[in-house]
Amino acid sequence: MKPNLSRRRFLGQANCAGISSLPLLNTLLNLKVTSTIAAASNTGSDYKGLVCLFLSGGIDTFNVLVPRGSAEYAEYARVRGAIALPNSALLPINPQGLSGLQLGLNPALTGIQSLFEAGHAAYVANVGTLIQPVTKTDYNSGRSLPLGLFSHSDQQEQWQTSMPNIHTAKGWGGRVADMLKSLNTLNSVSMNMSLTGTNIWQAGESVFEYTVGNSGASLNGYDKANTNRRSTVPIRTAAVDSQLAFEYQHLLTEAFQSQKIDALGASGLFTSATSNVTLPSSVTFPNTNLGNQFKMIAKIILSRGALGQNRQTFFVEYGGWDHHNNLLSSQAAMLPEVDAAVKAFYDCLTAASLQNNVTLFTSSDFARTLSTDGDGADHAWGGNHIVLGGAVKGQRVYGNYPSLTLNSALDVGRGRLIPQIAVDSYFAELALWFGVPKSSLSLVLPNIGSFYNTSSAAPPVGFL
Amino acid sequence: MNRLNYQPIVSAGVLVILSNLALIGSLLALTNSSPTAAIIRDTVSLGLVDDDMRLDWPDRGVVAFRRLESKGALTVNFKLGGSAILGRDYTASAVSSITIPNGYREVWLEFTPLAKTITIPTATIIVNLQSSPAYNISTAFAQQTATVRLGNASPLPSTKAAARFLLQGAFGPDHDFQNVQDVMRLGFDGWLTDQFARPVGILQPYVDYVASTNNGKVSSSAKTVSWWNRVMEVPTLAPSGVAQAGDPLRQRVGFALSEILVISDVVGELRNQPAGMANFYDTLLKGAFGNFRDLLFNVTTHPCMGVYLNALQNQKGNPETGTFADENYAREIMQLFSIGIWMLNLDGTRQLDSQNQPIPSYDNVTIMNMARVMTGFSWGGPDAGSFLYAKRNYIAPMRMWDKYHDLGAKTIIGGVKLPARTASKPDTGNAGLADVNASIDALFNHPNTAPFISKQLIQKLVTSNPSPAYVRRVASIFINNGKGQRGDLKSIVRAILLDDEARNPQNLYGATFGKMKEPYLRTVNFVRAFNAKSNNGVYALQNLGEIHFQQPQGAPSVFNFFKPGYAPDGPIANAGLVAPEFQILNSVTSLSIPNYYYNIMQRGYFNRYGSSNPDELINGDFTGETALAADAPALLRWLDLLLTGGTLPNEQNQVIREALEKITAANFTNWQLERVRMAIYLITAAPEYAILR
């Protein structure tokens, strides 16, 4: 077959990982998010990193942050039945400004307990997807509800897009990057880096995620510096470059080609930048998948100078939280990996004096029903999430930790709680900290107006 | 028969016409030319890029005009000869001269067949390079002429048509080209009929065999090895096994089904149940040519599905203790395994309401009622015991217990009303099974199921963006196979692969037709293309998932490795199109996959980590290719046909050939082998290897 190929103008020009070389159409919003917005309000000389730890499957966060006062615990134990944690095992925390309610953490979270108590971490209670504030009456009449409530795919999508009213493949992290990428001196490697592959959160109009393996990536047998006449490397290198110079009209072929060009272009810079980094010797990352992923994030943060990046986002997905069965034992097996990795990450940032420059937040499809179906729980709605970092006003629980009584005003059935903090507010706080001007918040979070007056002096939630 | 002998590749030594007086003139001219002269006479040669044409297949024959330098435009003269007649049998992009533009080393003369029948079985087009004062003619390979074969139209497929068909419906051409010849001999329909009659190549016996040699212990990789043995058509998987013919079509369709009716053992207790996982896969293989209704029922009642999506030991809710039926399986059987979340038209497009909004297929109340249906299942088999206390049996279908099933009346999908039922005594589970059967029937007969499943199968086998008309044609066969049967997968598979949209070669030239071949299936193409095997006959090809972001039954979740609606950012998404497989193409896999092929070619074995046991090392057969390597164009023509179905563009062909011709005896001891390594690496690195059109 002989489709027409045309030469790319110049191979090197297209070597921008995650930055499409092709004209883009704004389909979602007429985003006039240009460098000028960001540049006007931010010098860009500071560094900020934003880490999204996505606990996919729907983590049961009412077994993560648990009431331990006698009356509230008794209600918790009654409602949760076989999946209730014993009160004696809960790790006590002492949030400031919380009167009456005593809370504890899942026994696996010793590291997070210490960070919380030291003021480096906070919880946001009963946060979830909303288009606008709704009541139980609204729910029963099906008014203004997020699409596909309680469905994994829909809710994972909405926790990444913050647009529960439509289906879109663009995430709010991508929109933030569209706006703030000009704060970087280089965008050869995308500022949005994923440790776990394709995701929606980091997909913007002009910035897409750059996927990083635990050990980086390079192309074998390809080396522009090799000039050995008795090696096939120079021949292969020249041939691969020539192959990648072809531009295709066939859309899938061209997309395949573009992805490889981006990957190859970025791998050179990325590999050289990260290979020269030494992590602080005082911290040992756990040798788990998540531990190694956070170790790689730390290396990338320490490579920010060589990468020319003042703003970076990181996406790490850790799945397997869909605990319809064996909820207690499964959480007991999985939470320690999260706790140890996050603790080592924070300690490493502290050792590098970067703890105030990086904020980590968790997300998940949804929380799980308070009622049980035996030894597990089902898909629900609002849940409790952690924000962590030196910039966080820690040792606090933001929002109202809800009553766990079934059929309460917030319970739409089986202990599925209507969120009292919208994901928009949660994300707005993070976006503002990251450098999005308040006046531009609605470009990143189109529904924010339903929950927060962007001309208000008060913060959306208050944790940063 | 080795393909290298099967159709003699036109090589200079065989088909060249030796009398060419121009040669003498050009040699003289060369000796007269001065290296410092402003105009250096360039040296020109012919090259055969694509010598395989057929009147009823639009693929063009191609002859390259090459020169050593690239300065200035150069017009080259030629004559056309041979038994085919210009204007009657074919057209040519030029008829007597062609100009190599300034800056180019190569241009292509292309021949397009004129569709009709000719009387000569195989006609030839011979290009004869003519001398000119403007250039010398190369003596290398005596390439003054090139011959293109022009075959007759036939109801039976051409070589390239057969190769393309196998890339869609199976695992691509084999090294001996026997499977391509089978398709050419039987025709598409005949090949399908033959495949439908093949015995089922199930996976579990091999897993059981490995367990039997190891005190019952077997790791999850055994099922992957078994999968490989089957897709490679190993006749016997265990020493005691009976040899049987391979069933590549069924294996291909079974794999597609495993990405729709998903279970996975990457996490959780199924990790330790390879026999059960293999048995589930066998359920898909056995059902691949059966009825979709039976398949949906068998998948629903399989214990591994019960474990994976929690239907197993799911009890009816108890208002007193505040427990509820688990909704997981109820949700996914509707969302993923049958009808999807939006109401569909027969052509797979979404129905819209008066406000132009899509219409949900069901609401949460339907899910909760469906969840009540999916209560009462526990472990099956001879030691079923009781609902709560039974021996774990990952093979036998789950047993229903009426006592734990919600017997109340329910309204389920499509408004179907299930009556209140009476528990059987003794408890046979018949009341609960009646609910399950009625629900499976309701899903099977739901108007969405035909387009929802048909479209996904088309996407898996042929093209990511089938036209609505294509979906409608297949969905109509789903509804009625012509004999009044609904859900006959044999007819559905036939309809998908024989549809004009799948077969029409004009789609090779469209801007959007086709799909990215799944990375894992590309490795099967590759292993088969070089007849790779180990001394012990076992395909120890486990642990490839990390490279390809994919492995059979190893999806990260019930949403598979990629979703059918995934669209990568940029032109594809902007055009409103999808490319599901691109969900696992990223900055890691864009490099790790070429590295995989590189490592194979440099190390010689296909196993991920090698093996301490030399009998386990899987090696490819590159002897024929190495023997052919001195003739780089001939090597390329063969590898192009073998690996891409002959779809490499002229420009890629030139890049690869020029790279090969830099590898000579002067600079490399094993120059023929190095050429083979380079050629295969660069073809697998080209997008044409990954994108199936």
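Every chain is numbered from 1, with letters handed out A, B, ... down the list of sequences.
If you check the side chains of B:Tyr509 and A:Gln249, you find no donor sitting under 3.5 Å from an acceptor. The closest side-chain donor-acceptor pair between A:Asp378 and B:Asn328, if any, does not fall under 3.5 angstrom. The closest side-chain donor-acceptor pair between B:Gln654 and A:Ser242, if any, does not fall under 3.5 angstrom.
Looking only at distances, a side-chain donor or acceptor of B:Asn595 sits under 3.5 Å from a matching main-chain atom of A:Ser218. Side chain of A:His250 to main chain of B:Gly514: no donor-acceptor pair is present (N/O by atom type, distance under 3.5 Å, no hydrogens or angles). Formation of a donor-acceptor pair under 3.5 Å by the A:Thr211 side chain with backbone atoms of B:Val588 is not found in this model.
At a 4.5 Å heavy-atom cutoff, B:Leu660 makes no contact with chain A through either its backbone or its side chain. For chain A, the nearby part of B:Gln335 is the side chain; its heavy atoms alone come within less than 4.5 Å. Of the atoms belonging to B:Ile656, it is side-chain heavy atoms, and not backbone ones, that fall under 4.5 Å from chain A. Proximity to chain A (any heavy atom under 4.5 Å) is restricted, for B:Glu332, to the side chain, taken from C-beta onward. Both the backbone and the side chain of B:Asn667 come within contact range of chain A, with heavy atoms under 4.5 Å apart. Heavy-atom distances place the side chain of B:Glu674, and not its backbone, under 4.5 Å from chain A. If you measure heavy-atom distances from B:Phe562 to chain A, you find no contacts under 4.5 Å at all. With a threshold of 4.5 angstrom between heavy atoms, B:Ser557 does not approach chain A through any atom at all. Only the side chain of A:Arg416 comes within contact range of chain B, judged by heavy atoms closer than 4.5 Å. Contact of B:Ile341 with chain A is made through the side chain alone, with heavy-atom distances under 4.5 Å.
Atom CD of B:Gln602 has more than 12 heavy atoms from other residues, nucleotides or ligands within 6.0 Å.
Rounding to the nearest 0.5 angstrom, the gap separating the CG atom in B:Leu312 from the CG atom in A:Asn325 is 8.0 Å.
A salt bridge between B:Lys563 and A:Glu157 is absent, with no side-chain N of the basic residue lying under 4.0 Å from a carboxylate O of the acidic one.
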task = Check the pair B:Thr323 / A:Asp373 against side chain to side chain contact (heavy atoms under 4.5 Å, CB included), numbers first and verdict last.
result = CA-CA 5 Å; B:Thr323 67; A:Asp373 45 41; 5.5 Å; no

query = Is there a side chain to side chain contact (heavy atoms under 4.5 Å, CB included) between A:Ile235 and B:Phe668 once you walk through the steps?
reply = CA-CA 12 Å; A:Ile235 299 170; B:Phe668 292 94; 4.3 Å; yes

request  = Evaluate the criterion side chain to side chain contact (heavy atoms under 4.5 Å, CB included) for residue pair B:Glu327 and A:His379; output intermediate values, then yes/no.
outcome  = CA-CA 8 Å; B:Glu327 296 167 8; A:His379 307 175; 5.6 Å; no

ask   = Stepwise, does the side-chain hydrogen bond (donor to acceptor under 3.5 Å, both in side chains) test hold for B:Arg331 with A:His152?
value = CA-CA 10 Å; B:Arg331 185 185 304 279; A:His152 286 296; over 6 Å; no

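Relative to the six-membered ring of B:Tyr681, A:Arg236 meets both conditions, a distance below 6.0 Å and an angle of at most 45° to the axis.
At least one side-chain heavy atom of A:Thr232 sits under 4.5 Å from a side-chain heavy atom of B:Met678.
Of all the listed residues (B:Ala325, B:Pro556, B:Pro568, B:Ala579), the one sharing the greatest number of non-hydrogen pairs under 4.5 Å with chain A is B:Ala325.
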